[in-house]
Protein chains: 2
Amino acid sequence: MGSPVFQPLYQQIKALLTKSLISGEWAPGTAIPSEMELAARFGVSQGTVRKAIDELAAENIVMRRQGKGTFVATHNEDTTKFRFLRIFAADGSKKLLDNKLLSCERAKASAAIAKLLDIKTGSAVIEIRRLLLFSNKPQILDRIVLPLASFKGVTAERIEAYNGSMYRMYETLQGIHMVRSEERLTAVGADAETAAALKLKAGTPLLSIERVSYTYGDKPMEWRLGLCLTDDHHYLNHLD
Amino acid sequence: MGSPVFQPLYQQIKALLTKSLISGEWAPGTAIPSEMELAARFGVSQGTVRKAIDELAAENIVMRRQGKGTFVATHNEDTTKFRFLRIFAADGSKKLLDNKLLSCERAKASAAIAKLLDIKTGSAVIEIRRLLLFSNKPQILDRIVLPLASFKGVTAERIEAYNGSMYRMYETLQGIHMVRSEERLTAVGADAETAAALKLKAGTPLLSIERVSYTYGDKPMEWRLGLCLTDDHHYLNHLD
DNA sequence: GAGTGGTCTAGACCACCAA
DNA sequence: TGGTGGTCTAGACCACTCA
């Protein structure tokens, strides 16, 4: 009766490690203590720590490098720079050629976006609009909304400086690392404004990609809407 | 120099297990031998077998059930029936209401599809067209192409009998289990034929979902094209 | 209670990296 | 050469299922 819900030791270790990540004890890109050290700190065997880290590695929260150590995942690397990008050219390649900032302004959160970001309706937010170009042709119109409270350092100049690598910028400037995202895809017709920005006729079918990104502890931190022309590109997804 | 490429024991065990799955030694839905038995068979420790099975379980090729055993994954279960379905209603639910078969005919593979299915252009294939309805309204127009050589038993009557659960049918009738899929999404405008089938105006934006599904050993076995109305539904994807 | 997967440990040894 | 993660083993014990 009322069994106190069994929780494996390694899950508790995993929770402790996650807590340290949330607290910022180990910054993205830096090494966490060795398995032996952690085992000693928590008073468990190395194998138990290992299993906890295994799960964090499987979730891409942490990255193991044999012979070197275990590192907090970061978007500040060529290999992980486009981790969340699922848009590929018809030939399968994955290169963004250019990126043009349209605006970066303060605004108030709409009810819908506030709910998704877990903030109050009308809260101050930063709203960014940009154009992504692939072969010198505009392909994606992006609208990005960030809670101002957590992203005070975001300015047009800095976005330009980071050349549109938003997640790198969040990490470096705000110390906020995005762990995972949820995307909702639909097909829509381009409205007049979008059509003008992308230089196409109103009503042209576009892939609409709505994304919410989460940092440690499943805290939503960014909302995005991408309107994407799919003449030469597609969204690739692996199911298993 | 010329190191012979180190391969862990558990990877070799995993390969042996996969071979048994390909050969059909263990059918989908049935239990594979216990970890102890496998350890004895392969002459390794139980922990090594365990690690091999861990990877197969992570890939959804096999399913562990504590206290019962390890089972070959199947689409013949309520929990796994819609494993590859990423279409959700606006409220987040996931129920297909109905499914209407339009046609099921023999045809010859086009060059593009033949390449994806790894068969010769012009090979005999089965081509299925169907309509998926959600709230009594047609939402998805599906076109499915199967290599005839492997799917001789597929007929319109049987598709009806399985009520459109194609992967269940492939498993039961053909003994073919789909392990993973790749999907390519774009936005398109409805052509005249599609518009008629879905009862909407030509040019209406639709989500185009092209899917190739693979069985054991990464062998492509099914090609699909779904044209999906996204007024009340969306494609949900988790990135991490 | 017997059998299965799940956890945890302790220790040995291997592969990889940096200095 | 020493430290890190990676593999492998052997054995103990726990949680779950079913007869």
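- Within the helix from C/dG1-D/dC18 to C/dA18-D/dT1, the inter-axis angle between the opening and closing five-pair segments is 10°, rounded to 10°.
- Of the N and O atoms on the side chains of B/S213 and B/S181, at least one donor lies less than 3.5 Å from an acceptor on the other residue.
- Taking the centre and axis of the six-membered ring of B/Y162, the NZ or CZ atom of B/R168 falls outside the cone set by 45° and 6.0 Å.
- Taking the six-membered ring for Trp, A/Y216 and A/H177 have ring centres closer than 6.0 Å.
- Note: CD1 (A/I13) to P (C/dT7) measures 14 Å, nearest angstrom.
- A salt bridge is defined here as a Lys NZ or Arg NE, NH1 or NH2 lying under 4.0 Å from an Asp or Glu carboxylate O, and B/R184 with B/E182 meets this definition.
- No donor-acceptor contact under 3.5 angstrom links the side chains of B/E183 and A/Y235, judged on distance only.
- Salt bridge B/R41/B/E25: present, at least one basic N to carboxylate O contact under 4.0 Å.
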Could you please spell out the steps behind the ring pair (Phe, Tyr, Trp, His ring centres under 6.0 Å) verdict for B/F134 and B/H233? CA-CA 9 Å; B/F134 279 82; B/H233 299 82; 4.1 Å; yes

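- Geometrically, A/R64 does not engage A/F71 in a cation-pi contact defined by less than 6.0 Å to the ring centre and at most 45° from the axis.
- Atom-to-atom, NZ of B/K14 to P of D/dC8 comes out at 13 Å; the value is rounded to the nearest Å.
- At a non-hydrogen distance threshold of 4.0 Å, A/V44, A/S45, A/T48 from residues 25-50 of chain A come into contact with DNA chain C.
- Interface residues of residues 51-73 of chain A facing DNA chain C, ordered by number: A/K51, A/Q66, A/G67, A/K68; criterion, heavy-atom separation under 4.0 Å.
- The distance between atom CG of A/L9 and atom P of D/dA12, rounded to the nearest whole Å, is 20 Å.
- In summary, the aromatic rings of A/Y170 and A/H75 are positioned with their centroids too far apart to meet the 6.0 Å limit.
- Annotation: the span from A/T70 atom OG1 to A/E35 atom CD amounts to 5.5 Å, rounded to 0.5 Å.
- Whole-Å rounding puts the A/F6 CZ to D/dC13 P distance at 15 Å.
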